[in-house]
Colleague: 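Quick one: the structure is below, questions incoming.
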There are 2 protein chains.
Amino acid sequence: MAGEGRVEGSGKSGQLDFPRPLTTVDVVIFTILDDSLQVLLMQRPAGEGEPFPLSLALPGGFVDVTKDRDLAACAARKLREKTGVTSPYLEQLGSWGSATRDPRGWSATHAYFALIPADASVLANDARWFPIRGGRLKDKLAFDHGDILATAIQRLRNKVEYTSLPAYLMPAEFTLPDLQRVYEIVLDRPLEKSAFRTRILAADMIEPVAKMRRGPNRPAQLYRLKKGGEPVYFVRTFNPPE
Amino acid sequence: MAGEGRVEGSGKSGQLDFPRPLTTVDVVIFTILDDSLQVLLMQRPAGEGEPFPLSLALPGGFVDVTKDRDLAACAARKLREKTGVTSPYLEQLGSWGSATRDPRGWSATHAYFALIPADASVLANDARWFPIRGGRLKDKLAFDHGDILATAIQRLRNKVEYTSLPAYLMPAEFTLPDLQRVYEIVLDRPLEKSAFRTRILAADMIEPVAKMRRGPNRPAQLYRLKKGGEPVYFVRTFNPPE
DNA sequence: GCAATAGTGTCTATCAGACACTATTGC
DNA sequence: GCAATAGTGTCTGATAGACACTATTGC
């Protein structure tokens, strides 16, 4: 079998002379597009010996020990290569490793999840957005990427209940109803306008700009994210369960 | 230098013919002992070529691709080898990987954290409990284990605000004041007795056993964890911040 | 004026915090 | 009775939910 993963004997130290698992990084990249939550997926290559040829998969790949200083840099590089985005919200999601998840051998992936505004990205040729409907993706994914994506969706939904994360999905300027709509898309349920506004404004995370969005109705105040970038944690979730 | 980490050429597939990072798993094991939160640490071996000889470190080590089916099994094995505990609360904490964290080369560790009752453990010879005072450990640790431990403490404290995690630190039978004391130790602040009892009982996570703890005062009802094992999430944290 | 959306106010329910109060044991 | 700890009740404050109400635009 190809790629046994035993390191070259070092002579001196027997310590390191044993098979090493493969090490990869995958990134779950979310955005809001067409009024729904979408995730960036790629098609696997079709080359000889490639696992899951032509299947859909999360963007990711092997850690390059010559290019990547650390795991977060590796994830940021993959995000940049696929979307051109350089300063996203990027959070570690967890790691998945087992003897069987990759047919090439024992492998472990470090998964990250990123939130970006759709209008800030220029996609690579082999990458496309796929909508998440009803909290799930229709397509099957390569490896255990379906599990990783499900975990990412769950983490996102959970955090949206009590944090300002959706702010990172917004364009530079947005209105409060825009932001509420994004919360509702991610949570897949309507929120109370009054409670929503009170909470967001109390959190002191956004500031008004001297512009209004005009339309066929009353104009809405435009806001932008305050500097700082740290997500805000609310003290209560939006809805007591049941 | 020893342990370059380049895999043996496979001939067929050039894909896998590049250096692989080292892959390890470390476990942050907490318990309550002597009325304080404690973490299990080991002394690093002193052998030739060993990094951080004789320093304190988290229990952990390389993934054994022949013994470990997956990362969680590897973490459970290390916990079992050091404490004898077989069914702890075990949660993934995150992963740390960089070119510089291990002098032997690019390495990535998958960190877990475990909660066990002190009375259920029989420590390995080279392992000892170390108290965490004021939310920190006095000693410096090997590698980046200080960072990992700090993250684990923060995660534990954060989750204790709104979950039933401390229940996994308790012996089989305990009273409500016992449990409250453990919450207070982890959070390092006193809690209101009345609110605490209301919340815990409403969470339906423990059940009374037909016994009381007697002492030089009013006896206290003994409880045990209900079957199921899943931690309970409360809808509000204990204390609104400030 | 009317439709449409932005934004506010008012009432209620829930639950943590504070704290006083009662209960049950050993001595 | 007294000390000590277990356990309960009562009031207040913060905030989400529900929902009605006002505000400002285009047509």
Side-chain angles (χ1 to χ4, degrees), chain A residues 35 158-164 166 170 173-184 187-223 232-242, chain B residues 35 158-164 166 170 173-184 187-223 232-242:
Chain A
D35 217 43
N158 189 40
K159 280 201 148 181
V160 165
E161 295 278 359
Y162 62 91
T163 72
S164 62
M170 307 303 291
E173 297 185 349
F174 54 89
T175 67
L176 278 174
D178 289 345
L179 183 59
Q180 182 174 347
R181 181 73 197 122
V182 171
Y183 269 85
E184 290 173 340
L187 293 176
D188 199 23
R189 71 163 193 267
L191 295 176
E192 268 305 306
K193 182 170 51 165
S194 174
F196 179 82
R197 299 175 68 94
T198 306
R199 167 186 282 211
I200 297 295
L201 292 175
D204 197 37
M205 53 186 258
I206 60 177
E207 57 191 3
V209 297
K211 272 187 283 185
M212 308 290 280
R213 166 164 309 159
R214 309 190 75 83
N217 45 36
R218 176 171 174 177
Q221 179 65 54
L222 279 165
Y223 292 86
V232 175
Y233 287 73
F234 309 124
V235 295
R236 287 179 59 178
T237 61
F238 269 111
N239 242 348
E242 272 73 304
Chain B
D35 216 42
N158 189 40
K159 281 199 147 184
V160 164
E161 294 278 1
Y162 61 91
T163 71
S164 62
M170 307 304 290
E173 298 184 348
F174 54 88
T175 67
L176 279 173
D178 289 345
L179 183 59
Q180 181 175 347
R181 182 71 195 122
V182 171
Y183 270 86
E184 291 173 340
L187 293 175
D188 201 23
R189 71 166 192 264
L191 295 176
E192 268 305 308
K193 181 171 51 164
S194 174
F196 179 82
R197 299 175 67 95
T198 305
R199 168 186 283 210
I200 297 293
L201 291 176
D204 197 37
M205 52 186 259
I206 59 177
E207 56 191 3
V209 297
K211 271 187 283 185
M212 308 290 279
R213 168 164 308 159
R214 311 189 72 82
N217 45 38
R218 176 170 172 178
Q221 180 64 54
L222 280 165
Y223 292 85
V232 176
Y233 287 73
F234 309 124
V235 294
R236 289 178 57 180
T237 61
F238 269 113
N239 242 349
E242 270 77 301

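Within every chain, numbering begins at 1; the chains are lettered A, B, ... in the order of the sequence lines, protein sequences first and strands thereafter.
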Colleague: Hey, what are the protein-to-nucleotides 1-3 of chain C N/O distances that come in under 3.5 Å?
Modeller:
none

Colleague: Quick one: is A:R197 getting a side-chain N or O under 4.0 Å of the C:dT8 phosphate, OP1 or OP2?
Modeller: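 True: A:R197 side-chain N/O within range (under 4.0 Å) of C:dT8 OP1/OP2.
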Colleague: Please state how far atom OH in A:Y183 lies from atom C1' in D:dA16, giving the value in whole angstrom units.
Modeller: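 Atom OH in A:Y183 sits about 15 Å away from atom C1' in D:dA16.
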Colleague: Side chain of A:Q221 only, heavy atoms from C-beta on: which candidate in C:dG7, D:dG7, D:dG9 is closest?
Modeller: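 Per side-chain heavy atoms of A:Q221, the pick is C:dG7.
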Colleague: Calculate the interatomic distance between A:Q180 atom CD and D:dG17 atom C1'; express it in whole Å.
Modeller: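 One finds 13 Å between C1' of D:dG17 and CD of A:Q180, rounded.
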Colleague: Hey, are the side chains of B:F174 and B:V209 touching, using non-hydrogen atoms and a 4.5 Å cut-off?
Modeller: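 SC-SC contact between B:F174 and B:V209 ruled out.
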Colleague: So if I take every side-chain heavy atom of B:A195 and compare against C:dA6, D:dT8, C:dA16, which nucleotide ends up nearest?
Modeller: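 My answer, after comparing the listed nucleotides, is C:dA16.
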Colleague: Relative to the 5' end of DNA chain D, which residue comes earlier, B:D178 or A:S194, by the nucleotide with the nearest heavy atom?
Modeller: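 With B:D178 and A:S194 compared, the 5'-side residue is B:D178.
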Colleague: State which of D:dT8, C:dG7, D:dC19 makes the closest approach to the side chain of A:K193.
Modeller: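 Within the option list, the nearest is C:dG7.
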Colleague: Using the closest heavy atom to pick a nucleotide of DNA chain C for each, name whichever of B:P219 or A:M212 lands nearer the 5' end.
Modeller: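 Nearer the 5' end of the strand: A:M212.
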Colleague: Enter the distance from B:K193:NZ to B:T198:OG1 here, rounded to the nearest 0.5 Å.
Modeller: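 Nearest 0.5 Å value for the NZ-OG1 distance: 11.5 Å.
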Colleague: So does B:K211 get a backbone contact from the side chain of B:Q221, meaning a donor-acceptor N/O pair under 3.5 Å?
Modeller: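 Present.
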Colleague: To the nearest 0.5 Å, what is the distance between CD on A:E161 and OG1 on A:T163?
Modeller: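 Interatomic distance, A:E161 CD to A:T163 OG1, rounded to 0.5 Å: 9.5 Å.
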Colleague: Just the rounded figure in Å: distance from P of D:dA6 to CZ of B:F174.
Modeller: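 Whole-Å distance recorded here is 14 Å.
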Colleague: Which part of the nucleic acid does B:R214 contact within heavy-atom distance under 4.0 Å: base, sugar-phosphate only, or nothing?
Modeller: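 Sugar-phosphate: the residue B:R214, judged by heavy atoms under 4.0 Å, touches backbone atoms but no base.
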Colleague: Expressed in angstrom and rounded to an integer, what is the separation of B:Y162 atom OH from C:dC15 atom C1'?
Modeller: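 In whole Å, C:dC15 C1' and B:Y162 OH are 19 Å from each other.
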Colleague: Roughly how far, to the nearest 0.5 Å, is CG of A:L179 from CE of A:M205?
Modeller: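 The CG atom of A:L179 is 5.5 Å from CE of A:M205, to the nearest 0.5 Å.
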Colleague: Under 4.0 Å, counting only non-hydrogen atoms across every strand here, what does A:T175 touch: a base, just sugar-phosphate, or nothing?
Modeller: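 Counting heavy atoms under 4.0 Å across all strands, no contact is made by A:T175.
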Colleague: Is there a donor-acceptor contact under 3.5 Å from the side chain of A:E207 to the main chain of A:Y223?
Modeller: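 No.
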Colleague: Check every atom of C:dG17, D:dA16, C:dG7 against the side chain of B:E192 and return the nucleotide holding the closest atom.
Modeller: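 So the side chain of B:E192 is nearest to C:dG17.
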Colleague: Quick check for you: among C:dA16, D:dA16, D:dT5, whose closest atom lies nearest to any side-chain atom of B:R199?
Modeller: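 Closest nucleotide among those given: C:dA16.
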Colleague: Within this structure, what is the CZ-to-P distance between B:F196 and D:dA6, rounded to whole angstrom?
Modeller: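 Between P of D:dA6 and CZ of B:F196: 12 Å.
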Colleague: How far apart are the C-alpha atoms of B:V182 and B:V160, what are their side-chain angles, what is the distance that settles it, and do they pass the side-chain contact (heavy atoms from CB on, under 4.5 Å) test?
Modeller: CA-CA 10 Å; B:V182 171; B:V160 164; over 6 Å; no
Colleague: Is the backbone N or O of B:R197 less than 3.5 Å from a side-chain atom of B:Q180, with the two atoms forming a donor-acceptor pair by type?
Modeller: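 Side chain of B:Q180 to backbone of B:R197: no pair is present.
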Colleague: Starting at atom CD1 of B:I200, determine the distance to atom C1' of C:dC15, rounded to an integer number of angstrom.
Modeller: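 Between C1' of C:dC15 and CD1 of B:I200: 14 Å.
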Colleague: Treat a base pair as Watson-Crick or G-U wobble with both distances under 3.5 Å, then lay out DNA chain C in dot-bracket form, 5' to 3', with | for cross-strand pairs.
Modeller: |||||||||||||||||||||||||||
Colleague: Do A:V232 and A:D204 make a side-chain contact, defined as non-hydrogen atoms from C-beta onward lying under 4.5 Å apart?
Modeller: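 The answer is no, as the side chains (C-beta and beyond) never meet within the 4.5 Å cut-off.
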Colleague: For A:L201 and D:dA16, give me the distance from atom CG to atom P, rounded to whole Å.
Modeller: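 Computing the A:L201:CG to D:dA16:P distance gives 12 Å.
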Colleague: Mind calculating the distance between CG (B:L176) and C1' (D:dG7) to the nearest angstrom?
Modeller: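 From B:L176 CG to D:dG7 C1': 9 Å.
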Colleague: Please round to the nearest 0.5 Å and tell me the distance separating atom CD1 of B:I206 and atom CD of B:E173.
Modeller: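 Reported value, rounded in 0.5 Å steps: 12.0 Å.
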Colleague: Looking across every strand, which nucleic acid part, if any, lies under 4.0 Å from A:T198 by heavy atom: base, sugar-phosphate, or nothing?
Modeller: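 Nothing, no heavy atom under 4.0 Å.
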